[in-house]
Each structure stands twice: as C-alpha cells, then as structure tokens.
S.K.: 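Take this structure first; my questions come after.
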Protein chains: 2
Amino acid sequence: MSKQQASLPVVDLNADAPCCPPLAQRRIPAETAAVLAPALKALGDPVRLQLMSMIASAEGGEVCVCDLTPAFDLTGPTISHHLKTLRESGLVDAERRGTWVYYRARPQILRQLAALLSVEPAPAAQP
Amino acid sequence: MSKQQASLPVVDLNADAPCCPPLAQRRIPAETAAVLAPALKALGDPVRLQLMSMIASAEGGEVCVCDLTPAFDLTGPTISHHLKTLRESGLVDAERRGTWVYYRARPQILRQLAALLSVEPAPAAQP
DNA sequence: TGTCTGCTTAGACAGACGTCAAGACAGGCG
DNA sequence: CGCCTGTCTTGACGTCTGTCTAAGCAGACA
C-alpha cells in the first residue's frame, strides 16, 4: 500500500496543519464544504456549543459526564444524545473508566474550523 | 440604572474585537452560546458554506446572485432561501442595484467565530 | 451474588429545515 | 406602454432534529 490513496478523505480533519485556506481567501470546493459543514453544524446548537466549551476548557483535558449533565435543564438521555453528535462529528472523544465516562476534546478539528473562518485582521485602509 | 442596561445584547456580533475568549479557554455562558450558535448553524450546511466562501472571497468584496445560482444544482428559490438564512444570521448583507442583487460579507462575525474556535497553536510536547 | 448508580440506546412525537413549483414584484428595453 | 428578464416570496411536502420516557447494559459495592 502506498502512503496516500485516492480514496483518502479529501480533507484530513485530524491533521495538525490547516487543511485549507481561509474561506474568505479562496472559494472552497464542494468536497471541502461537505467535510467541514457537519462539524459546524454540530456546533450550531447552543447546548452542544456549551458542552464543547466545557469539555475543551476542562482542567486535565477531560471531564466526566456526571459534571456535564447537571449544568443543563435537560434529561440525561438528551445530553447523551448531544454528546453522541459531537462524538460522531469527530469533535470529542469518549472513554469509559470504571463507573464514569470521560470526554476530551480533539483540538485538531477546532483548529481546522478556526483557520477556515479566519479573516485578515482588518480591512486595513489601503496605503 | 447603570450605563449598561440588561436589555443590551450580551454579545455584540458586529464589534471588531473578539467578543469572548476562545471556547477552549473558558467555559462560555449560555447567553453567548445562544447568540453564536445560530451563526455556526447557518454555516453548518454545505451549500451555505460554499455560498459564504464565494461571497467572502469575491473580488471587489461583493458578488451578484446571478453568479451564485449557476454554481449549484439547485433552483433559484432554494439559493435565495439559503441566502436569506445567511442574511438573517448577520453573516452577509444584500443590496439591490438595478436588476441584480449583490451580496457582501460581514467579516466581523467571521472574526468572532474564528476567535471563539481558536486553540493554542499546539499541545507542545512538554520538555 | 444481588442490587444500585451512571450512561447509553430505542421508540415516539412536535417542531424546524431543505427543497421545489407557482406566483409576485422590480427594473430594463423595444 | 407593454413585454421580458431576473430575483424574491409564498405555500406545500417530505425529511431531519431536539426532546422526552422507558428500557438495556456496564461496573462498583455490600
């Protein structure tokens, strides 16, 4: 097997380097949009955005579900459902240790999205 | 009453400076999530993400709807609907000039979102 | 071993979303 | 003035999403 195959995903969401130039710099191709849109969609819900923030900002890099659930006026299954969405988008990872399940962020994808949305610092009145 | 009223928007999406610290640095409050999530949701559709890219990267800073529609296998009304969604999220602005309607990006909100999703450069293998 | 706690899965339901066809409106041109 | 082109709005339809209750599963502890 060669290192790169044609069937490899067009965009590698796990790469450390930005996968693509900023959205405002060049028109992004349909394939890139199809890969990145689901991650943005996953963050497009207030509950999931807060969950993502709680996980990503957690000390030690991980947080127990038992600490996430009481922070919302939602039932356990609903929180679990949102966490599953974040998991399937590749934004977080879960691991069971004994009784509890711990979630941790995958900063690579956040970096990809931040790079995608980045804009030049300012319109900068041209000289 | 103090200078700030409770009814003021918690987050100013049009400010040039980032409204809030990165999502991974501190847990974002519910109000912030409620304001920013809709913008992410709007970008969470592949068609709208491409539209946003086409508008934001357009030369001259604006683009005619007549140039956007033929780029997709979708009907005019559907593109118009997606553009309306982007408009209502505050991501773009529209202006009619004669027969055609021109769209232009609002980079402030993109900046807010990029700042929100930004992560420290790398985990940096500790010495 | 039995039971308890914590998390996920399964099923159901109201509401929102993406898409299209048809109609309405604005502006240009013969 | 009347028609034509280009875009937006409206209404409809099927699908997806967010939420809940009920049930299932995994591990801990007496």
Side-chain angles (χ1 to χ4, degrees), chain A residues 30 33-55 58 60 62-105, chain B residues 30-31 33-55 58 62-105:
Chain A
V35 172
L36 293 174
L40 290 168
K41 186 177 188 177
L43 293 176
D45 180 279
V47 172
R48 286 196 293 266
L49 193 55
Q50 282 185 84
L51 283 170
M52 188 69 210
S53 178
M54 293 176 75
I55 296 172
E62 63 183 14
V63 61
C64 172
V65 174
C66 58
D67 290 329
L68 297 174
T69 306
F72 301 87
D73 278 338
L74 295 171
T75 64
T78 298
I79 298 297
S80 184
H81 164 70
H82 284 304
L83 288 172
K84 183 180 181 182
T85 302
L86 290 175
R87 236 183 307 142
E88 291 178 341
S89 305
L91 286 161
V92 301
D93 247 345
E95 182 192 359
R96 173 167 217 130
R97 281 208 305 278
T99 305
W100 291 282
V101 176
Y102 294 87
Y103 278 78
R104 76 171 50 235
Chain B
E31 298 80 24
V35 172
L36 293 174
L40 290 168
K41 187 177 189 176
L43 294 175
D45 181 278
V47 173
R48 286 195 293 266
L49 192 55
Q50 282 186 82
L51 283 171
M52 188 68 210
S53 178
M54 294 175 74
I55 297 171
E62 64 183 13
V63 60
C64 171
V65 175
C66 57
D67 289 329
L68 297 174
T69 306
F72 301 87
D73 278 338
L74 294 171
T75 64
T78 298
I79 297 296
S80 184
H81 164 70
H82 284 304
L83 288 171
K84 182 180 181 184
T85 301
L86 289 174
R87 234 183 308 143
E88 291 178 341
S89 304
L91 285 161
V92 301
D93 246 345
E95 182 192 359
R96 173 168 217 130
R97 282 209 304 278
T99 305
W100 290 283
V101 176
Y102 294 87
Y103 278 78
R104 77 174 49 235

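So that the names make sense, note that chain A is the first sequence line, chain B the second, and so on, each numbered from 1.
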S.K.: For A/I55, which of A/D67, A/L83, A/D93 qualifies under side-chain contact (heavy atoms from CB on, under 4.5 Å)?
M.R.: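 Checked A/D67, A/L83, A/D93 against A/I55; only one passes side-chain contact (heavy atoms from CB on, under 4.5 Å): A/L83.
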S.K.: Please identify the 5'-most and 3'-most nucleotides of DNA chain C with any atom under 4.0 angstrom from a heavy atom of chain A.
M.R.: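 So the outermost contacting nucleotides come out as C/dG6 to C/dT9.
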S.K.: Taking any heavy-atom pair under 4.0 Å as a contact, classify B/S80: base, sugar-phosphate, or nothing.
M.R.: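 Base, at least one base heavy atom under 4.0 Å.
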S.K.: State the OG1-CG distance between B/T69 and B/L51, to the nearest 0.5 angstrom.
M.R.: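 If I round to the nearest 0.5 Å, the distance is 8.5 Å.
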S.K.: B/Y103 vs B/M54, test: side chain to side chain contact (heavy atoms under 4.5 Å, CB included). Steps then yes/no.
M.R.: CA-CA 10 Å; B/Y103 278 78; B/M54 294 175 74; over 6 Å; no
S.K.: Can you tell me how far C1' of D/dT17 sits from CG of A/L43, to the nearest Å?
M.R.: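 A/L43 atom CG is separated from D/dT17 atom C1' by 16 Å.
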S.K.: Within this structure, what is the CD-CG distance for the pair A/Q50 and A/D45, rounded to the nearest 0.5 Å?
M.R.: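 The CG atom of A/D45 is 9.5 Å from CD of A/Q50, to the nearest 0.5 Å.
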S.K.: Find the distance between CZ (B/R97) and SG (B/C64) and round it off to the nearest 0.5 Å.
M.R.: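 These two atoms lie 9.5 Å from each other.
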S.K.: For B/S89 versus B/A39, what's the shortest heavy-atom pair and its separation?
M.R.: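 The answer is CB-CA, 4.4 Å.
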S.K.: Kindly say if B/K41 contacts the phosphate of D/dT17, meaning a side-chain N or O under 4.0 Å from OP1 or OP2.
M.R.: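 Answer is no, no contact under 4.0 Å.
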S.K.: Which value, rounded to the nearest 0.5 Å, describes the distance between A/L86 atom CG and A/M52 atom CE?
M.R.: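 It comes to 7.0 Å.
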S.K.: Would you kindly give the CG-to-C1' distance between A/L86 and D/dT17, to the nearest whole Å?
M.R.: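 Going from CG in A/L86 over to C1' in D/dT17 covers 14 Å.
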S.K.: Checking all strands, does A/R48 fall into the base, sugar-phosphate, or nothing category for heavy-atom contacts under 4.0 angstrom?
M.R.: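 It contacts sugar-phosphate atoms only.
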S.K.: Measuring from atom CZ of B/R48 to atom CG of B/L43, what distance do you get when rounded to the nearest 0.5 angstrom?
M.R.: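 One gets 8.0 Å once the value is rounded to the nearest 0.5 Å.
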S.K.: Please list, pair by pair, any protein nitrogen or oxygen found under 3.5 Å from a nitrogen or oxygen in nucleotides 19-21 of chain D.
M.R.:
residue : atom : partner : partner atom : Å
D/dT19  : OP2  : A/H82   : NE2          : 2.3
D/dC20  : OP2  : A/T75   : N            : 3.1
D/dC20  : OP2  : A/T75   : OG1          : 3.1
D/dC20  : OP2  : A/T78   : OG1          : 2.7

S.K.: CG/B/L74 to CD1/B/I79 distance, rounded to the nearest 0.5 angstrom?
M.R.: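 Going from the CG atom of B/L74 to the CD1 atom of B/I79 covers 5.0 Å.
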S.K.: Would you tell me if any nitrogen or oxygen in the side chain of B/Y103 comes within less than 4.0 Å of OP1 or OP2 on D/dC8?
M.R.: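 The answer is yes; a side-chain N or O of B/Y103 sits under 4.0 Å from OP1 or OP2.
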S.K.: Find the distance B/R97:CZ to D/dG6:P and express it as a whole number of Å.
M.R.: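 So the two atoms are 18 Å apart, to the nearest Å.
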S.K.: Both B/W100 and A/G98 contact DNA chain D. Which one's nearest nucleotide lies toward the 5' end?
M.R.: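 Closest to the 5' end, via its nearest nucleotide, is B/W100.
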